[in-house]
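Side chains included, hydrogens not; waters and symmetry mates left out as well; all remaining heavy atoms used.
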Amino acid sequence: MRVLAEYGNEEIAKVYVVQLREDEAGNGKSRKYVVECVESVQPPIPREKKWVLIVSTMFGCPIKCKFCDAGGDYLGKLTAEEILAQIAYIVRRRFPDNYVPIPKFKIQFARMGEPSLNPAVLEAMRRLPEILDAPGLNVSLSTIAPKTNTAEKFFEELIEIKEQYYSRGRFQLQFSIHTTDVDKRNELIPIKKWSFEEIAAYGDRFSSPESGDKKVTLNFAPAVGYPLDAKVIRKHFDPSKFIIKITPLNPTVRSHEQSLQSLIDPYDSKSSQRVVEMFEKEGFEVILSIGELEENKIGSNCGQYVQRAIHSRAKPESSYDLEKYGVRIFPS
């Protein structure tokens, strides 16, 4: 693995651009296989208390969600070694002896790629407790729940891995929902995927909060024009098993190009109050996750991918401050 660049803020988040492979592209040229990985903290919580790593699982992504800068340009799946190499690099920068003494040390498989389409993610999860001395290790997997044979096998094996390695609240499973209108959801996430009924049935099997498991998270980054109806969610999902997370739709290049507007204004708490109360009224716990807005300028937030911003002719305001963070262009 070769680190091509790093940028960001040590006290908030850093993005690492890494090259994992290189092959011949013809005419004497080569093709570099590049991904990004991220480390972040959540001020005012210090790194000594909580530390989050976010790694890529694919070169590009075949899903092409309407708002995600990491989508498209799909060149294949990372191996388990390539996934673990991202983690090892960031860990050893700060903890050369491989001992991570942080109470909440979370690794998210969420930077680039749909993890359920890559079985190597399962192998990486199995090996993590062996290669890291990290008593506070937690893992988090975010998925849109593709309806494919590969994903079906992945999710079945994922239950076994959670039980064997990450029981009692050390696994956070998240499903990206975003809207309760099925047609609009298909527009945002253009691939055949599980229905709400299928997600609910799997979540019931996956999580046992009575045994200490975390509830399964249903993620919503609501956009104007994409309906949200808490009664639809309550019809399918049990509040004793599922929790709701509301985030702003991050200012990505793709959301800017598609004229998608976030329903949640991170600078105006009133804009989220109605949404939070709507779900709470149906009996759900709700996490309102606004986060550190400087991360939008670094390009480390969910759905962002700095290499997309570099090659784009236009970017949203308050996002990807490439000049401030000294971002450079790398030849592909």
Side-chain angles (χ1 to χ4, degrees), residues 61-72 110 114-117 141-148 151-152 155 173-204 206 215-239 241-266 268-290 301-304 316:
C61 182
I63 307 296
K64 301 178 185 177
C65 292
K66 194 173 180 178
F67 45 79
C68 182
D69 285 350
E114 165 54 46
S116 70
L117 296 179
L141 187 137
S142 299
T143 177
I144 57 94
K147 198 165 188 173
T148 70
E152 293 285 343
F155 286 120
L173 177 62
Q174 306 186 48
F175 287 98
S176 298
I177 306 295
H178 302 314
T179 174
T180 50
D181 184 290
V182 173
D183 291 336
K184 287 288 190 179
R185 185 164 181 257
N186 289 335
E187 182 183 314
L188 288 174
I189 308 171
I191 188 176
K192 191 174 183 181
K193 52 199 168 295
W194 284 355
S195 66
F196 292 158
E197 291 88 345
E198 289 169 310
I199 294 173
Y202 180 80
D204 284 342
F206 186 88
K215 293 182 179 180
V216 175
T217 303
L218 303 178
N219 285 331
F220 291 88
V224 175
Y226 292 80
L228 273 187
D229 186 342
K231 292 185 182 300
V232 173
I233 297 302
R234 181 64 187 91
K235 177 182 176 183
H236 298 290
F237 298 96
D238 180 351
K241 295 263 190 176
F242 294 87
I243 190 170
I244 306 295
K245 187 166 84 172
I246 307 292
T247 62
L249 179 66
N250 290 323
T252 63
V253 171
R254 288 263 168 74
S255 63
H256 180 68
E257 290 173 346
Q258 298 290 333
S259 300
L260 292 173
Q261 180 184 350
S262 178
L263 190 66
I264 305 299
D265 180 350
D268 179 9
S269 61
K270 291 182 180 177
S271 67
S272 58
Q273 185 176 354
R274 183 191 67 80
V275 177
V276 170
E277 290 178 351
M278 177 177 66
F279 282 106
E280 287 179 337
K281 189 177 178 181
E282 295 299 323
F284 289 100
E285 293 177 64
V286 180
I287 300 170
L288 177 61
S289 180
I290 300 296
N301 256 332
C302 183
Q304 292 188 302

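When side chains are defined from C-beta on, Ile63 counts as touching Ile189, because their heavy atoms get closer than 4.5 Å. Put simply, the side chain of Cys302 does not reach to within 4.5 Å of the side chain of Thr247, judged on heavy atoms. The side-chain heavy atoms of Ile290 and Pro248, taken from C-beta on, include a pair separated by under 4.5 Å. In this structure the side chain of Ile233 reaches within 4.5 angstrom of the side chain of Phe220, judged on heavy atoms. Contact annotation: the side chain of Phe237 never approaches that of Ile243 to less than 4.5 Å [non-hydrogen atoms, C-beta and beyond]. Ile177 is listed as a side-chain neighbour of Ile199, based on a closest heavy-atom distance under 4.5 Å. Contact annotation: the side chain of Lys241 never approaches that of Val216 to less than 4.5 Å [non-hydrogen atoms, C-beta and beyond]. Proximity of Glu282 to Lys231: side-chain heavy atoms (C-beta onward) are separated by under 4.5 Å at one or more points.
Between the side chain of Ser255 and the backbone N or O of Phe67, no donor-acceptor pair lies under 3.5 Å. When atom types are taken as modelled, the side chain of Asp181 and the backbone of Pro227 share no donor-acceptor pair closer than 3.5 angstrom. Between the side chain of Ser262 and the main chain of Leu249, a donor-acceptor pair closer than 3.5 Å is present.
Ser116 contributes atom OG, which lies 7.5 Å from atom CG of Leu141 (distance to the nearest 0.5 angstrom). Here Asp204 contributes atom CG and Phe242 contributes atom CZ; the two are 5.0 Å apart, rounded to the nearest 0.5 Å. To the nearest 0.5 Å, atom OG1 of residue Thr217 and atom CG of residue Leu173 are 7.5 Å apart. How far CG of Leu117 is from CD1 of Ile144: 7.0 Å, rounded to the nearest 0.5 Å. Separating the CG atom in Asp229 from the CZ atom in Arg234 is a distance of 13.0 Å, to the nearest 0.5 Å. Atoms NZ and CD1, on Lys215 and Ile244 in that order, are 10.0 Å from each other to the nearest 0.5 Å.
Under the side-chain hydrogen bond (donor to acceptor under 3.5 Å, both in side chains) criterion, Asn250 pairs with no residue, sequence neighbours left out. Checked against salt bridge (Lys or Arg N to Asp or Glu O under 4.0 Å), Glu277 has no partners two or more places apart in sequence or in another chain. In this view, Lys66 and Glu187, Leu188, Tyr226, Gln258, Leu260 satisfy the side chain to side chain contact (heavy atoms under 4.5 Å, CB included) rule, not counting sequence neighbours. By the side-chain hydrogen bond (donor to acceptor under 3.5 Å, both in side chains) test, Gln261 is found to be paired with no residue, residues two or more places apart in sequence or in another chain being considered. Residues passing the salt bridge (Lys or Arg N to Asp or Glu O under 4.0 Å) test with Lys245, sequence neighbours excluded: none. For Glu152, there are no salt bridge (Lys or Arg N to Asp or Glu O under 4.0 Å) partners at least two apart in sequence or on another chain. Looking at residues two or more places apart in sequence or on another chain, you find no side-chain hydrogen bond (donor to acceptor under 3.5 Å, both in side chains) involving Thr179. Remark: Tyr202 engages Phe155, Trp194, Phe206 in a ring-ring contact (aromatic ring centres under 6.0 Å, His included) (not counting sequence neighbours). For the side-chain hydrogen bond (donor to acceptor under 3.5 Å, both in side chains) test, residues two or more places apart in sequence or in another chain that qualify with Lys147 are Glu198. Partners of Lys193 by salt bridge (Lys or Arg N to Asp or Glu O under 4.0 Å), not counting sequence neighbours: none found. Applying the ring-ring contact (aromatic ring centres under 6.0 Å, His included) criterion to Phe284, with sequence neighbours excluded, gives no partner residue. Pro190 meets the side chain to side chain contact (heavy atoms under 4.5 Å, CB included) test with no other residue; sequence neighbours excluded.
Closest approach of Pro239 to Gly283, counting heavy atoms only: CB-O, 3.2 Å. When all heavy atoms of His236 and Ala200 are compared, the closest pair comes out as O-CB, 3.2 Å. Here the closest non-hydrogen pair linking Phe196 and Thr180 is CE1-O, 3.9 Å. Thr143 approaches Glu114 most closely through the heavy-atom pair OG1-OE2, 2.7 Å. Of all non-hydrogen atoms in Pro222 and Leu228, the two that sit nearest each other are CB-CD1, 3.6 Å. Residues Ile264 and Ser272 come closest through the heavy atom pair CD1-CA, 3.6 Å.
Within a 6.0 Å sphere centred on NZ of Lys64, heavy atoms belonging to other residues, nucleotides or ligands number 12 at most.
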Pair Met278-Val286, side chain to side chain contact (heavy atoms under 4.5 Å, CB included): steps then yes or no: CA-CA 10 Å; Met278 177 177 66; Val286 180; over 6 Å; no

